[in-house]
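Report on the following structure.
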Number of protein chains: 2
Amino acid sequence: MAVLEHKQLWETVADQLREEILDGRLAAGTRLVETELAARYGVSRGPVRDALSELSRVGLTVDLPRRGTFVSSLTEHDLEEVYVIRRAIEEAAVRLAIERAGDDEIGALFAALQAVEAAYAGDDLAVAWEADMEFHRACSRLSGNRRLMELFDLLASQTVLLMRTSLQSHASLAWTPPVEVHRRIAEAIAARSVEGAVEAVGAHYQYTQDRLAATEAAASPAPGD
Amino acid sequence: MAVLEHKQLWETVADQLREEILDGRLAAGTRLVETELAARYGVSRGPVRDALSELSRVGLTVDLPRRGTFVSSLTEHDLEEVYVIRRAIEEAAVRLAIERAGDDEIGALFAALQAVEAAYAGDDLAVAWEADMEFHRACSRLSGNRRLMELFDLLASQTVLLMRTSLQSHASLAWTPPVEVHRRIAEAIAARSVEGAVEAVGAHYQYTQDRLAATEAAASPAPGD
DNA sequence: GCGAGGTTAACTGTTGACAATCAGCAGTGT
DNA sequence: ACACTGCTGATTGTCAACAGTTAACCTCGC
């Protein structure tokens with residue numbers, strides 16, 4: 001059982017803020033004033049500063065020295081940057097997974113896969129994306145590389161932020177749920193096929209990127225409303 | 001011309017500490033006490049905490065909550081983790097470089113390459129590694145992906161730390177300077193050969209990893225002195 | 001002599017106050 | 001009317017002090 005460890009104040013504050021940002025309650029571009037937050041959460045400015053620093057580290061906020069910190073407003077260009085890196089490290093992750101993960105660990109991956117398929121069958125996109133992320137997180141976990149996992153989490157949080165905001169701006173993106181691409185990844189890993197797995201990851205990102213580019217393109221010529 | 005911007009105190013402190021850590025003046029495992037550092041640098045504990053937080057972010061120190069922060073003592077296993085990620089993102093970097101970098105930018109890469117070759121011809125390994133890093137930094141810069149560059153810098157600092165400490169423990173690693181592997185990378189990019197460049201990067205990391213594994217193996221059976 | 005429990009010193013987490021800086025606005029001159 | 005200068009309120013960067021926790025030491029009982 002996990003040793004109960006005192007959460008530091010800034011962690012609680014960071015958790016709260018992260019949730020509000022990803023929920024969309026704190027819109028992109030919103031200025032986060034330290035004294036306000038301190039008052040709201042009933043702590044002093046110190047822990048708030050630490051929390052904001054953490055959020056900036058993972059890319060959910062940006063910190064302009066002596067001017068304040070603001071909720072990140074990520075663009076299509078940012079998404080492109082994130083996806084290039086995610087693809088690179090996830091290909092590396094599946095390579096490692098195949099050579100070192102046990103069958104039991106791979107079983108966990110399939111559990112995550114089923115959750116994804118179930119979630120996309122439902123109608124709550126936010127939930128589906130959460131499951132989607134969890135699948136990829138499981139992939140990176142199979143690598144056994146802690147730095148890789150932490151890096152993926154960092155990039156994942158930015159991805160989620162961008163998804164949520166794009167969900168808000170143009171409410172429905174017409175698409176076929178990306179379940180097939182995920183299944184291909186899991187099965188290639190289970191089959192211990194390095195080539196197949198790397199290609200499957202590539203296909204996944206190609207698919208996702210194309211899809212997002214299409215929705216962006218469909219939305220951006222008509223930015224009104 | 002660059003707008004002159006006030007460096008914050010914690011940046012100065014972080015710079016100083018980073019230098020001392022990489023110089024080896026602060027050995028791995030050393031405890032960094034906030035009050036001591038505050039007194040030494042003539043600032044309060046606030047900026048010192050921020051500086052330590054930054055160093056932990058890039059992996060030069062580790063932060064144990066309520067116990068203090070210590071200079072990282074990186075192991076062979078850490079190196080393995082770092083190199084897996086570096087290889088993955090550097091392969092992605094050269095792919096991007098080939099498709100978007102102009103000939104002038106690639107010229108800068110060759111300038112860095114010449115610096116590497118000159119440095120390895122000299123006898124100061126620390127200087128040579130610095131040039132080596134700068135070459136890879138130039139590579140990542142060619143990608144035009146800011147996140148990728150920052151990520152590389154983060155991993156680079158850990159690499160340098162490990163190199164320096166390994167230099168201290170077993171003073172000389174017998175090797176042939178890795179100039180050829182770097183040249184292959186630069187030339188493949190200049191020739192706009194994606195396949196060649198990716199393979200060259202792979203060869204570089206294979207070479208470096210083998211070399212380090214060999215020196216570690218040679219040192220670890222006889223850990224005394 | 002050796003281990004368990006209590007005690008103390010040192011250090012980190014947190015707080016509230018002070019000083020420096022920035023963005024916006026009014027006022028002035030052209 | 002417009003641009004520029006000097007204020008003003010708000011906000012961040014920094015500081016010094018308090019409180020809680022950790023780790024080491026020291027004593028006591030076996």
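This one's a predicted model, so the numbers in the text were calculated from it and none came from an experiment. We name chains A, B, ... by the order of the sequence lines, and we start the count at 1 in each one.
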*Out of C:dT21, C:dT15, D:dC15, whichever nucleotide has its closest atom nearest the side chain of B:His6*: C:dT21
*When the nearest nucleotide of DNA chain C is assigned to A:Val43 and to A:Arg31 on a heavy-atom basis, which residue is associated with the more 5' position?*
A:Val43
_Atom-to-atom span, CD of B:Glu34 to C1' of D:dT22 - whole angstrom_ = 14 Å
*Out of D:dA17, C:dA17, C:dG16, which has the shortest distance to the side chain of A:Arg45?*
C:dA17
*Report the distance from atom CZ of A:Arg49 to atom P of D:dC15, rounded to the nearest whole Å.*
12 Å
*Carboxylate-amine/guanidinium contact B:Glu20 B:Arg40, below 4.0 Å*: yes
*Consider the side chain of A:Thr35, meaning its heavy atoms from C-beta on, and name the nucleotide among D:dT14, D:dT12, C:dC11 that approaches it most closely.*
D:dT12
_Nearest-Å distance for atom pair CZ/C1', residues B:Arg67 and C:dC11_ = 13 Å
*Run through B:Glu105, B:Glu134, B:Glu150 and flag the one making a salt bridge (charged side-chain N to carboxylate O under 4.0 Å, His left out) with B:Arg141.*
B:Glu134
*With a non-hydrogen cut-off below 4.0 angstrom, is B:Leu32 in contact with a base, only sugar-phosphate, or nothing?*
sugar-phosphate
*asked:* Under a 3.5 Å cutoff, is there a donor and acceptor pairing between the side chains of B:Thr61 and B:Ser72?
replied: no
*Protein-nucleotide distance (A:Asp50, atom CG; C:dT12, atom P), rounded to Å*: 14 Å
*Please name the pair of heavy atoms, one in A:Ile185 and one in A:Cys139, separated by the smallest distance, quoted to 0.1 Å.*
CG2-SG, 4.0 Å
_Looking at A:Glu81 and B:Arg146, is any side-chain nitrogen of the basic one under 4.0 Å from a carboxylate oxygen of the acidic one?_
no
_How many whole angstroms separate atom CZ of A:Arg66 from atom P of C:dA19?_
15 Å
*When the distance from CG of B:Leu64 to C1' of C:dC11 is rounded to whole Å, what number comes out?*
13 Å
_Using whole Å, what does the distance between atom C1' of nucleotide D:dT14 and atom CD of B:Gln8 come to?_
10 Å
*What is the nucleic acid contact for B:Gly46, judged by heavy atoms within less than 4.0 Å: base, sugar-phosphate only, or nothing?*
nothing
*asked:* I need the NZ-P distance between B:Lys7 and D:dT14, as an integer number of Å.
replied: 13 Å
